[in-house]
Amino acid sequence: MSFPLNPAQRAAVAHDTGPALVLAGAGSGKTRVITQRMARLLEQGTPPGALYAVTFTNKAAAEMHERLVAQCGPRGKDVWISTFHALGGELLRREMPRGRRFVVYDAADTAGLLRELLRELKGDRRYDVAALQARISFAKNALGSPDALPEGGNEYDDLARWAFPRYEAALARLHALDFDDLILWPLRHLTENPDAREAWQRRIRYLLVDEFQDTNRAQLLLLKALAGDRGNVFCVGDDDQSIYGWRGADLGNVLDFTTTHFPGARVLALEQNYRSRTPILDVANAVMEGQVRAFPKRLFTDRPGGEKVTVVTAESSEGEAKFVVDAIQKLVGQGHRRREIGVLYRSNLLSRAVEEGLRLGNVPYRLIGGTSVYERREVKDLLAYLRLALHPEDEIALRRVINYPTRGVGDVTLQRLERWALAHGKMLFRAVEGAAGLSDLTPAAREGLGGFVRVVHAARDALEGGRALAAVAREVAAAVRLREDVTAAGPTAPVVARRLQNLEHLYATLERAGAKGPEESAKVLTKLSLHYADADEADGDKVTLSTLHGSKGLEFGVVFFLGCDEGILPHARTDAPRATDVTSTLDVSEERRLFYVGVTRARERLYLLRARVRGGQGKAPRATTPSRFLAALPGELLERVSYDSQAPLPPEELAARVRLFREALAKRSAG
DNA sequence: CGAGGCTAAGTTTTT
DNA sequence: CTTAGCCTCG
C-alpha cells in the first residue's frame, strides 16, 4: 500500500503533542498511521527509546515493529513496541529490587490455584472454576473489589467474594502474578512512587496505543500514569470493533476520552477504507446500520467493482467445510496465493472440519487462536520443572510435576508433606527437600521425592551457574525420561508424534531466545506465559484459519466466514446466559461487531457460510436458523447459493477433481 | 498407598 | 476429543 496519505491520515501522522484519539474504521490504514507517525518523530530527532507503542497481541507488536523497520530502517528496532502485559512485566522487572523474581500464572495456573482454594469449601460439588476466574478478573480489571459484584442471586458472585481475598493472598504467598496483576502492579507502583513515575514519564515521551477500544479501566489508568501531565497519548481505535467486553474492555475509555480522561484531546476520524471492494463494504455498513453507536461512521472506498458477497447454505457442518476446502483448492489451482485466503469462525470448534479437509488435501495452513503450543500439557509440564528450579515458591508448578512422570507420590504423601510444611511454617518445596527425614512417608515415596529433588536442584544449579535455559530444559527432560513417558502414555502414534514435536518446538523456542542464567531465564519464562507467539508462524504460503477475535488486524483477498447461524453467531450464551456467566459481559451487540470484524477482513471476495443442520459431538444434529445478522442484510447485496456435498458433481467439476487428486498423489509419491 | 483404566461430562472469544 | 474424577486392582 503505497497510496499517498489522505487528509485525515496526514493530520493524524502530523499530530504533534498532547492527547489524540483517532477513530479509525476497518481497513482505514490505522497501523500505517501509527508507524508513519513514529517514523516522523524519529526523523525529527526523537530518540527511539522515547517512543512506546502498545498493542494487544504479540503478533501485532511484531508486525508493527517490522513495518516500522521497513519504513525507517534499523533505528526502528530500538523503539519499544509491546503488549500492555509485556510492558507491565518489563516495568516490574526494572523497578523491583534485584533478585526478586516473580512468576506469571496463566489461566491454567490460576485455575489450579482456585481449585485448591475451593477444596477448603465443604461439600464436594464441582464448581465451574472459569466462572470464578472471570469474576475475579473482572473485579480486578475494573480496579474494584469483588464487593462490586451484584449481591445475592447468583451463587458465583458470592463465591467470588469469598475466594477473592484468599486468591490474592495465595498469589502473594507464591510470589505469583496473574495477567491482571501485570497491569495493576505497575499502576500501583507508579501511583505510590512519584520518583519512579516521573522517571518513566521522562523516558516515554510519546505513547501510541493500537486497538484502544479494547483497553480496560486499569490499562487506561496505567496509560495516564505513564503519560503524566504532558498527556502525549496517541490512541487509535474503532468503537465498532470493540469485541473484548467480556474481558473487561471498557468502551467508556473511548466515549469519555475527550471529556473525562484527556480533556481537550484532539479527535480525528479515518473513514476511507483502502481494503475492501464495494459489495463487501456495503455489507459491512449494512451490518451496522441503525445501531446505536458512539461515533457513527460510514466507510467508503475507492475500490468499486468486485463480486457480490456470497451466502452459501450447506446441508451440514461437514458440507460447509467441504465447500470451503474445495473452493480453496480451486483458488490455489488458479494460482491464488494461500496466504491470501482466510477462514474465519466464531469458536475454535468450527475449525476442526476444515482443518481435516485441508490436511487431507495437502493444503498448508496456519492456525491462529486455539490452544497455543505453550499451553500443551507436555510443554507445561517441562516448563513447570524450570519454573520450580528458578522459583521454589511456585507451588502450582510443584504440584504439577511432583508426581509427573509418576514416581510413587500420591495424594496421601502430598497431604503429609503439606502438613509438615504447615506445621513448620515452610513452603511446600522445603518439605519435599526434607522428605528423606520424614518418617511417615512410604519408602517408595521417599525415594521418588529424592530423585525429583535431585532433578530440580541440578536444574537450579545449572541455571545459577549461567548455563543456557534451552540446554537445562533438555537435561531435565532427559533426567525424568519425558520422551519415554510421552511415548508410553500416548493413545495413538500420531498423538505421540505431535506431543514430541511440541517439545521440540519448545526447545527450539528456548534456543532462539538464547537465555542464560536465572535472570534471563525467568524473563523468557514470563514471555512464554504471555503466549508469546513465534515468528515462524507467518512463514510460508499458508491458508490462515482464525477465530474472529484472532483475525483482528488481518486482511485477506478471499475470506470464508463459517458458522453464520444463530447460536454460533451470536453465540447461544449471549442470548441465554448461564448462571456461571458474568452477566455484565453478555451483549449481543458485541456479537454484531464480531460479525462486522469478520466481514471487513475481506478485500476482494467474501463467502458467508451456514449449515442447515448442525450436530454437536455425538449429539443429534439439529436444524439451524440463519444468523440474525445474516437475515437482516438487504437481499440485493447478496448472492445466495445452496450447496449439497452429496449431489452428483457436474462432469467438468468431476474432471477437475480427478486431476487435482492425481496431482496430489504424484506430489505425495515424489515427496 | 498408588497406578491405571474407566466413565462421564463439558467445549466462546484470549493477554 | 479431551480432561477430571471414580473405582478397582496390584
Side-chain angles (χ1 to χ4, degrees), chain A residues 54-61 82-89 104-108 110-112 115 124-126 128-130 133-134 137 141 177-183 211 214-216 218-219 243-249 344-350 352 368-372 374-377 403-416 440-445 448 488-489 491-492 495 526-533 546-552 563 567-575 577-578 580-581 585-587 590-591 593-594 597-598 616-619:
Chain A
V54 190
T55 61
F56 264 81
T57 63
N58 293 298
K59 185 159 53 80
S82 80
T83 64
F84 264 105
H85 293 87
L87 160 65
V104 175
Y105 276 7
D106 69 9
T110 56
R115 226 172 273 126
D124 50 1
R125 63 155 290 190
R126 280 154 63 163
D128 182 343
V129 175
Q133 283 180 300
S137 176
N141 284 331
L177 272 57
D178 65 16
F179 283 168
D180 302 322
D181 289 331
L182 286 173
I183 310 299
E211 309 282 9
D214 292 331
T215 52
N216 62 37
Q219 286 163 336
I243 53 175
Y244 282 101
W246 54 274
R247 213 172 74 183
L344 308 181
Y345 37 84
R346 169 75 231 258
S347 88
N348 283 307
L349 272 80
L350 292 176
R352 276 266 158 74
I368 295 179
T371 20
S372 97
Y374 309 112
E375 292 172 313
R376 293 260 137 78
R377 251 232 353 227
N403 194 38
Y404 179 79
T406 53
R407 46 171 72 90
V409 180
D411 285 341
V412 177
T413 300
L414 193 56
Q415 273 169 33
R416 287 171 178 165
D440 59 349
L441 298 187
T442 63
T492 61
V495 172
T526 300
K527 268 193 175 176
L528 292 191
S529 308
L530 297 175
H531 302 163
Y532 185 77
S546 174
T547 59
L548 290 167
H549 286 88
S551 77
K552 205 157 61 161
I568 292 178
L569 191 69
H571 193 275
R573 280 177 79 168
T574 33
D575 240 9
R578 296 188 192 174
T580 52
D581 290 327
T585 63
L586 298 169
D587 190 353
E590 185 156 305
E591 301 288 303
R593 294 193 290 266
L594 219 35
V597 167
Q617 236 94 41
K619 279 175 195 129

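Letters A, B, ... mirror the listed sequences (proteins, then strands); counts begin at 1. Excluded from the calculations below are hydrogen atoms, water molecules and symmetry mates; all remaining heavy atoms, backbone and side chain alike, are included.
The backbone N or O of A:N216 lies less than 3.5 Å from no partner atom in the side chain of A:N141, so there is not a single donor-acceptor pair.
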Report each atom pair, protein N/O against N/O of nucleotides 7-10 of chain C, whose distance is under 3.5 angstrom.
none

Atom pairs, protein N/O to nucleotides 3-5 of chain B N/O, distance under 3.5 Å:
residue : atom : partner : partner atom : Å
B:dA3   : OP1  : A:G408  : N            : 2.6
B:dA3   : OP2  : A:N403  : ND2          : 2.9

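Annotation for A:D411: atom CG does not count as buried by contact number, only 12 or fewer foreign heavy atoms lying within 6.0 Å.
As a whole-Å value, the separation of A:D128 CG from C:dA4 C1' is 13 Å. Regarding A:I243, its CD1 atom lies at a distance of 9 Å from the P atom of B:dT14, rounded to whole Å. Going from atom CG of A:D106 over to atom P of B:dT14 covers 14 Å, rounded to whole Å. As a whole-Å value, the separation of A:L569 CG from B:dT13 P is 13 Å. To the nearest angstrom, P of C:dT2 lies 15 Å from CD of A:E375. If you take CG of A:L349 and P of B:dT14, they are 12 Å apart, rounded to a whole angstrom. A:I183 places its CD1 atom 18 Å from the P atom of B:dT14, with the value rounded to the nearest Å. Distance CG (A:L528) to P (B:dT14): 19 Å, rounded to an integer number of Å.
Closest approach to the A:W246 side chain among B:dT15, B:dC1, B:dT14 is made by B:dT14 (side chain taken as heavy atoms from C-beta onward). Which of B:dC1, B:dT14, C:dC1 sits closest to the side chain of A:R352 comes down to C:dC1.
Annotation: side chain to side chain donor-acceptor pair (under 3.5 Å) contacts of A:N348 (sequence neighbours excluded): none. Residues passing the side chain to side chain donor-acceptor pair (under 3.5 Å) test with A:Y105 are A:D394, sequence neighbours excluded. Remark: A:A111 pairs with A:R115, A:V129, A:Q133 by the side-chain contact (heavy atoms from CB on, under 4.5 Å) rule, at least two apart or across chains. A:T547 is linked by a side chain to side chain donor-acceptor pair (under 3.5 Å) to nothing, counting only residues two or more places apart in sequence or in another chain. Annotation: side chain to side chain donor-acceptor pair (under 3.5 Å) contacts of A:Y244 (sequence neighbours excluded): none. In terms of the side-chain contact (heavy atoms from CB on, under 4.5 Å) criterion, residue partners of A:R377 (sequence neighbours excluded) are, by chain and number, A:D381, A:R400, A:Y404. Evaluation of the side-chain contact (heavy atoms from CB on, under 4.5 Å) rule for A:T83 yields A:T55, A:N58, A:H85, A:A86 as partners, not counting sequence neighbours.
Here A:F84 does not pack flat against the base of B:dT15, since the 5.5 angstrom centre distance and 30 degree tilt limits are not both met.
Here A:N348 lies in heavy-atom contact (under 4.0 Å) with sugar-phosphate atoms only.
Contact annotation: A:T547 reaches the phosphate of B:dT14 (side-chain N/O to OP1 or OP2, under 4.0 Å).
A salt bridge between A:R247 and A:D214 is absent, with no side-chain N of the basic residue lying under 4.0 Å from a carboxylate O of the acidic one.
Toward the 5' end of DNA chain B, the nearer of the two residues A:L414 and A:H549, judged by each one's closest nucleotide, is A:L414. Nucleotides of DNA chain B nearest to A:A86 and A:S347 differ in position, and the one nearer the 5' end is that of A:S347.
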